[in-house]
Amino acid sequence: MLASAGITGTIGRALLLVGLIGSVFGAFAAITGVRNNEPRVVRLVSRFAVLAFASALGAFAVMEYAMITRDFSLAYVQKVGSWSTPALYNFAAVWSALEGSILMWVLILSGYTLAVCFWMRKRLNESLAASAMAVMLIVLAFFFLVSFFPANPFALGAPGVLDGPGPNPLLQNHILVMFHPPILYLGYVGVTVPFAFAIAALVTGRVGEGWLIATRRWSLFAWGFLTFGIALGSWWSYEVLGWSGVWAWDPVENASLLPWITGTAYIHSVLVQERRGMLRVWNISLLVATFSLTILGTFLTRSGVLNSVHAFSESGIGAWFLSFFAVVLVVSVFLIGWRGDKLRSPGIIDSPLSREAAFLANNVLFAVFAFIVLLGTVFPLIIEALQNRQIAVGAPFFDRLTVPIGIALLTLMSIAPVLPWRKASAETLQTRLFWPMWSGIAALVASLALGAYGLAPLLTFTLGGVSGGAALRQVVLATRRQGLRGLVGRANGGMIVHLGVILIAVALGASNSYSKSQELSLVVGVPATFAGHSFELTDVIEVRDDRSVSVKARVIVDGDKTYEPAITKYTRIGMNVGTPSVKASLTSDIYLTLEPPVRQDSNTARIKVFIKPMITWLWIGTMLMAVGTFLAAFPGRRRRPTDATSAPVLVNEKIQN
Amino acid sequence: MKTRKSVWLAMLLLVCLLLAFGATRSGGPQTQQDRIDLVTSHLACPTCSGESVFVSRASAAEAIRTEVARQVGAGIRTDDEIISYIEQRFGSQVLLVPRSTGLDSLVWSLPAAVLIIALSLLVGAFARWGRRTPGAPSVADETLVKNALAEPSQDDNES
């Protein structure tokens, strides 16, 4: 290759430098332009935002070019590139290790920065918008800096390398590698936008509800992609990792879950501030927490202090992220303290039986949830630091503590949607909960009839019935009043998201509690049965290609179709990867894995069979959540300012007292 | 209203009874495979950090799975005894569930403490809000309302 002279690396790195300079100058222009009230300087901000985005896009394109042409002059291509990787996986190889994933972060963040700039183009003269742009550009400058120095993807590699190992085998055997990381990043990086506006609100002192309402769709957008990205990750785990589970409580999974938890708390409690002007400090703190948890999560998982299946190799970026995390936290806490007076709100919550009180309870639960996940993730570090011994905190810990939280959240989801603002009477509750309650009883009776047992899953199904009834009630009432418009808007879209969450809770409850598994030693021509299903091995075959040797066991399930669980040895890396084969249905999945040791052309195979009830509903629930989030982003029916928005206060009651 | 109340009581009672029935009902005998899966999901794979033996496909995990399967098959040791046997052989870092003694117990007690503190803050806030009753309108308030009512509304002209 001509490029092996190292030109590609130089061009890429130069583009990163241009982007870095562009974002620093852009932030500078935003700050000085507004402070000195100079529209000409402010106008430069958008030019710098375009420059930063163009250079990030250029750098990413250069990286793709280097990967596609297999330019082994670059250390990164030597690490994850290979002539034998198929084109699609080679394209995705760019984000299959640390440096490239930081580059993708830079690209997405610069895209967000440009989008916010375009959105605010008419209002850049206002201090709030300009300060938000400054925050976005400063964060962007940090990531350009990380990409330029410690995580430089364009570093030159050792000379004379003609081929490499290719990406981690797990990242080149399922199409989801194309979608899961970018979609997750769209969410993970997207929380920067509301965070930037929160900081801008503190800096400018315009801490009212304006910035909050303005950024509502950005928060929803980021939250939606984070949700979808996490769900795609679970699906990937199920389809690829071969242990039949969707969530392993691995540190990297937790790092993506933490901002999701605080973000979910935020999109609920923000409603209280919009409606009642309360919880200002809390909402800003939640945004700060969400953003800083993405930074902390990146530190934990990318610095090598914690190990996990996702963790890339150790690198020097730990100190960078830890320092940035500290700066974000210190600056935010200082600003909140400094604006303390303006943030205080005079409002009070009238009754514990009101929608705003339910949102508060929701936030308490989500805060404890986030604490549990964070503590469990960093606890091995704490013990190692204090007592210099190694411990592990794994799935059984998280399951034991988060199942009660989940059940408490389901309880809240049953009651909260029927609660009016300000104050509910017992009578209102009894009327509104009447049908949801019957739907819960129906769910309980149905699950008992189907043979369900155990308190936790039964509570999940019952509460799933009640909360499903409460959510449906809202959607039905709204569509009856407004036709199809009753499906859009925050409240109605939110209820469709709730329905998705309920399906997921029920699917998790059923599949975690009632999975069955059995290892079968199959011999060709001799059918075996397990849990009412028959399994017959037809043969064991070997499939070779450039990069791997696969041994597949072909198994006929229930005398119908053939399934082919496999073990693939990636010859260049010397790693075995199992590939499960799944017969999916709405009631239960049959999940087959081939167990080592394997020999091709043998007439026996060890197959592990998992029966996973209802797991398909996890994916259906995810789709419903995505649809609901999309509908919630549309404006709902405008409420006339004179309409009553809360339950009437009973005047007589006061007089009698 | 009275009938409603009795219907509600009946519904709650029904739910409690059904839950009690379902919670005590047996889910069928535990198979050997169930025991193997349960024990291995409480053990950390020693070579691959963070994953359980149940999850991991690494050869070290495979070896422990085989050992656990052998012991379950022999039927002498209980689940806990098998776990402590593996712990003795590989060291305490193979335990995936932190102990409830010493410093490790903090991982269990801190979440409980946080929950209690958060809940009591919430209860305290409601108690504070509950005591704060809106005072009688002052003279200034009343004049404000009176003036506002006397003036023709400007809302319709603006916008």
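Below, chain A is the first sequence line, B the second, and so on; all start at residue 1. These values consider heavy atoms only, across backbone and side chains, with no hydrogens, waters or symmetry-generated copies.
Contacts of A:F369 with chain B are absent, with no heavy-atom separation under 4.5 Å from either backbone or side chain. Neither the backbone nor the side chain of A:F398 comes within contact range of chain B; no heavy atoms are under 4.5 Å apart. Only the side chain of A:F379 comes within contact range of chain B, with heavy atoms under 4.5 Å apart. With a threshold of 4.5 angstrom between heavy atoms, B:F54 approaches chain A through its backbone and through its side chain. Only the backbone of B:S41 comes within contact range of chain A, with heavy atoms under 4.5 Å apart. Interface remark: B:L122 contributes side-chain atoms only to the contact with chain A (heavy atom separation under 4.5 Å). In this structure, chain B has no heavy atom under 4.5 Å from any part of A:S513. At a 4.5 Å heavy-atom cutoff, the contact between A:A357 and chain B is made by backbone and side-chain atoms alike.
Options B:T31, B:I36, B:V114, B:L14 differ in how many heavy-atom pairs under 4.5 Å they form with chain A, and the most are formed by B:V114. Listed options B:L12, B:V97, B:L18 were ranked by heavy-atom pairs under 4.5 angstrom with chain A; first place goes to B:L18. Of the listed residues (A:S515, A:G451, A:G376, A:A367), the greatest number of heavy-atom pairs within a distance under 4.5 Å of chain B belongs to A:G451. Across B:Q93, B:Q32, B:M11, the residue that shares the most heavy-atom pairs under 4.5 angstrom with chain A is B:M11. Taking chain A as the reference chain and counting heavy-atom pairs below 4.5 Å, the highest number among B:V94, B:D104, B:V15 is found for B:D104. Across A:I567, A:I391, A:L444, the residue that shares the most heavy-atom pairs under 4.5 angstrom with chain B is A:L444. Of all the listed residues (A:D350, A:L375, A:N363), the one sharing the greatest number of non-hydrogen pairs under 4.5 Å with chain B is A:L375. Listed options A:E519, A:Q518, A:M575 were ranked by heavy-atom pairs under 4.5 angstrom with chain B; first place goes to A:Q518. Between chain A and the options B:L110, B:L95, B:V55, the largest number of non-hydrogen pairs under 4.5 Å is found for B:V55.
Between B:P111 and A:F371 there is a side-chain heavy-atom pair separated by less than 4.5 Å. Contact of the B:Q33 side chain with the A:V609 side chain is not registered, since no non-hydrogen atoms from C-beta on lie closer than 4.5 Å.
Atoms CG and CD1, on B:L103 and A:I382 in that order, are 8.5 Å from each other to the nearest 0.5 Å. B:D37 contributes atom CG, which lies 6.0 Å from atom CZ of A:F610 (distance to the nearest 0.5 angstrom). Atom-to-atom distance recorded for A:L401:CG and B:L115:CG is 10.5 Å, nearest 0.5 angstrom. Distance check, rounded to the nearest 0.5 Å: OG of B:S56 to CG of A:L241 gives 10.0 Å.
Across every non-hydrogen atom of B:W129 and A:M278, the tightest pair is CZ2-CE, 3.9 Å. When all heavy atoms are compared, the tightest approach of A:A392 to B:A44 is CB-CB, 4.2 Å. A:F397 and B:P98 get closest at one heavy-atom pair: CB-CD, 4.1 Å.
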Would you check, one step at a time, whether the test salt bridge (charged side-chain N to carboxylate O under 4.0 Å, His left out) holds for A:E595 with B:R57?
CA-CA 9 Å; A:E595 297 292 304; B:R57 304 285 113 186; 3.3 Å; yes
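No side-chain donor-acceptor contact under 3.5 Å links A:R389 to the backbone of B:S92.
A 6.0 Å sphere centred on CH2 of B:W108 holds more than 12 heavy atoms belonging to other residues, nucleotides or ligands.
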Distance-only check: which donor-acceptor pairs under 3.5 Å involve side-chain atoms of residues 455-462 of chain A, not counting sequence neighbours?
unit_1, atom_1, unit_2, atom_2, d
A:T460, OG1, A:A456, O, 2.7
A:T462, OG1, A:L458, O, 2.7

